[in-house]
Structures are given as C-alpha cells and as structure tokens.
Amino acid sequence: MRQLLMVRYGEIYLKGLNRPYFMKALVKRVKQATKEFKANVWLHDARIFVSDMTDADACMERVRKVFGVHSVCPAIEMEKDDFEAICVEAEKMMRNVNGTFKVEARRSDKRYFMDSPMINRKIGEYVLERNEDHLSVDVHKPEHILSVEIRDKAYLYCQVYMAVGGMPVGTGGKAALLLSGGIDSPVAGYMIAKRGVQLISVHYHSFPYTSEQAKEKVLDLGRILSQYCCGMKTYVVPFTEIQMEIHEKCPEDYTTLIMRRYMMRIAEKIAEKEGALALITGESIGQVASQTMEALQTTNEVVQMPVFRPLIGFDKADIIDYAKKIGTYETSSLPYEDCCTVFTPKHPATKPKMQKILEGEEKLDQEALIEKAVNEAEIILL
Ligand code: ATP
Ligand code: MG
C-alpha cells in the first residue's frame, strides 16, 4: 500500500487517435514541474501517478498549475484482492470527515468479484457502522464522495483538488508575448499558454528612462508565468534609441502609435527567429488611445503573423480578477514606469491618419534600428 497523487486530465479526453501524443506531452510537463520534489511520475492505465515526493503538499500545489491537468486527488493505492483491507483504509480515510457521504465505486476490471453497486454498499456499511455519530449516507447530494477505483490495483480517495485545466504546453505551437510590466499582458500570455502554447516573451526597456527595477519587475512577472509555461525565454530589447528617434522626428500625437508599430515589427522578427507562429498582446478595445479600433488597425498591419489579443473584449475589472487568480496582480501593481508612459503625447491620435504615420516613419532608418534592437537584446531564460 502507498500514498500517491492521482492526476486527472481535462480536455485531452476529447482527443481521438491523437490522445497518446497529448498524454505523453502532459506526463513530460508533470515530470518537469515535480522535478524539484524528486517525484516519481508515470502513466498507467490512462492515469498519471505521482509518488515519493519530498514535500507532498507543495508538490500537489505545483501539479495543480500544470496546464492539461484537470484535477489532482491524494489517493491510496493497494492490492485489490483483500476487500477487508480496502474497507479498513476507507474507514480510516472517512474517520475525520463530517456530514453526508456516499461511496462511488468504478470498476475498470470487470472480472472483479464484486460489481460497483455491491462495492458501494459493502464499503458504505463498513464506514457508517463505525462512524455513525458524525457521518450519514446521502446518495443524491452527498457532501463527500469516497471514490474507489478498481483497476489493476485499488485506488481510494475522498478529496479532489481542481487544477488549471487547458492543454499541455508545447502541443499548441509557440508564440511570442509582448510582455510589459502592466496587468494585462501577463494575463494574455497565461490565457494563450493555457491552450498548450509554448511562450517566449519580448520586453522593451528604455534605460535610463525606465529603471533597472522596472526591468526586474517584468522579469518577476515572467518568472510567475514561467511556472505555468514550463520555462519562458525572454528577450529584453533596448528601446531607448528607437524612442528617442521617434520623439525627435515624428509628429507628437503619433509617437505612441509609431512606437507600438516598432514593438510589433521587432517582436515579429524575434518570433521568426524562435520559430514562433503568432504574437500575443494584452490589448483590449478602447482601453487607451492606442487601442481604439482605428489605432489597432495601424499597429496590426505592420506584421504578417496573426496577433492574438485574448483580452480584446474584457473589462479592466475582469482582467484584474483574472490577474489575482493567477498570482500576477500584486507584482503588476508595483509602481514602476513602462516605456509606453515615458514619452506620452498630450493628445494621442485616436483616429490616426495613415499618411501622417508614414510621413513620420519615413524619417527613420527602420531596418537599421530594428536590426540593432534585435541584435542587442538580452536573452534571459526564466
Ligand atoms: P496595463 O494596461 O495594465 O498598464 P499593459 O501591459 O496592457 O498594462 P498597455 O500600455 O495597455 O500596457 O499596452 C498594450 C500592450 O502592449 C500590452 O498588453 C503589451 O502586450 C504591449 N506592451 C506595452 N508595453 C510594452 C513593453 N514595454 N514591452 C513589451 N510589450 C509591451
Ligand atoms: Mg493595457
């Protein structure tokens, strides 16, 4: 008999012939996530098991953050032939539980000497007889479910901890996240990574206008994301020269938009280099001047790659709730400046004229500026 974690997967069950591929990817991610706990991870009988970890609680918390995992149950695994022993363990498990319960048996071994209703009844009676003062049976709406799975061994568990869901990272390709120090972009990255996409991130840093702490804050956000994303390669791109050039040579009302067009172009270059197929931003319609429909059109059209904006229809309050849930809100709220806020025009164009943008951009040596920024980017593995 031993204690282990039984890891249940979510949407992968919808897969047909591809399921083994997704399962293999999920096992790899669970192994990676539990490495620090020296856990033993294996796939057996369409379930993933984790055992022998150094810190069971911390290890479970970690597994709950692995995309593709639906839920995690701390379980007991034992030989299935000694039914009396199963009853004894079931009783121990329910001894400290109060309220209503039912036993829910599942038999994948159809040759087992009892069918599921019989197992339910026998274990239910055994548990109830010994705990009548604090437990009663309710088969319709029980507060607790004692699950008994009869596979090649017997598995018992009564607690199910929900996990993040989604798909295993890497099964959905790769994309480049434009990561600022704000609230939105980490949430946007999380949402796309949750669909199985491996992230790389790109951050624009305007030293000395933006401080070393501002960069550290973004890297901290990247580290939080990286836990979910199984590692994230991050490009910190020096952006001061480009911003200064724009500031000097372009019409003031258009500086933010032109700067954002540069961000998109550089991110696409980096994405291409890294084999990423899409860009991700935290934009949402109408949130700021550069996110009106017209403004988004002007920043969108400088790249060929699809741009994913998962927050496009979200209210700020909803994004904040999401950020709190995934644990990025606190760091995002720290008061450091972003390059977007350094040279903000007084009256940014909300209905930009393309002619004006192009006139401004003509004065810049676009190719050289972009090449230099990409080449001088600092690459950090988070
Ligand atoms: P918030 O709106 O919460 O301040 P934000 O990250 O959404 O944060 P915005 O100014 O709204 O910031 O920028 C829109 C999007 O542009 C961001 O979601 C992000 O994808 C990208 N972005 C902005 N600034 C940077 C930056 N310094 N580096 C990389 N991407 C950036
Ligand atoms: Mg924003």
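Order of listing sets the numbers, starting from 1, for every ligand and every atom in it. Just so it is clear, the structure is predicted and the values come from calculations on it, not from any experiment.
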H203 neighbourhood, listing ligand 1 atoms whose heavy-atom distance to it stays under 4.0 Å: 26 (C), 27 (N), 28 (N), 29 (C)

Side-chain donor-acceptor contact under 3.5 Å, D253 with H347: no

Decide whether T100 and E143 meet the rule of one side-chain donor and one side-chain acceptor closer than 3.5 Å. yes

Could you tell me, atom by atom, which parts of ligand 1 come under 4.0 Å of a heavy atom of Q287? 2 (O), 11 (O)

For ligand 1, which atoms, with element, lie under 4.0 Å from some heavy atom of G282? 17 (C), 18 (O), 20 (O)

Can you see whether T350 engages T292 through a side-chain donor-acceptor pair at a distance of less than 3.5 angstrom? no

Hey, is ligand 1 close enough to T281 that some N/O pair sits below 3.5 Å? no

As a quick check of understanding, evaluate side-chain contact (heavy atoms from CB on, under 4.5 Å) for E89 and M93, giving each step before the final call. CA-CA 6 Å; E89 286 309 316; M93 205 174 249; over 6 Å; no

If you compare I320, V218, L177, L178 by their heavy atoms, the one closest to atom 19 (C) of ligand 1 turns out to be L178

Looking only at heavy atoms, which two atoms of I242 and A373 are closest? And how far apart? CD1-CB, 4.1 Å

Just go through R260, M263, Q291, E283 and tell me whose heavy atom is the nearest to atom 16 (O) of ligand 1. R260

pair L5-M53: side-chain heavy atoms closer than 4.5 Å: yes

Could an N or O of ligand 1 be found under 3.5 Å from any N or O of I183, whether backbone or side chain? yes

Counting each atom of ligand 1 from 1 as listed, which ones have a heavy atom of V202 under 4.0 Å away? 29 (C)

Numbered atoms and elements of ligand 1 in range of K316, under 4.0 angstrom, heavy atoms: 1 (P), 2 (O), 3 (O)

Ring-face cation of K325 near Y322 (centre distance under 6.0 Å, axis angle within 45°): yes

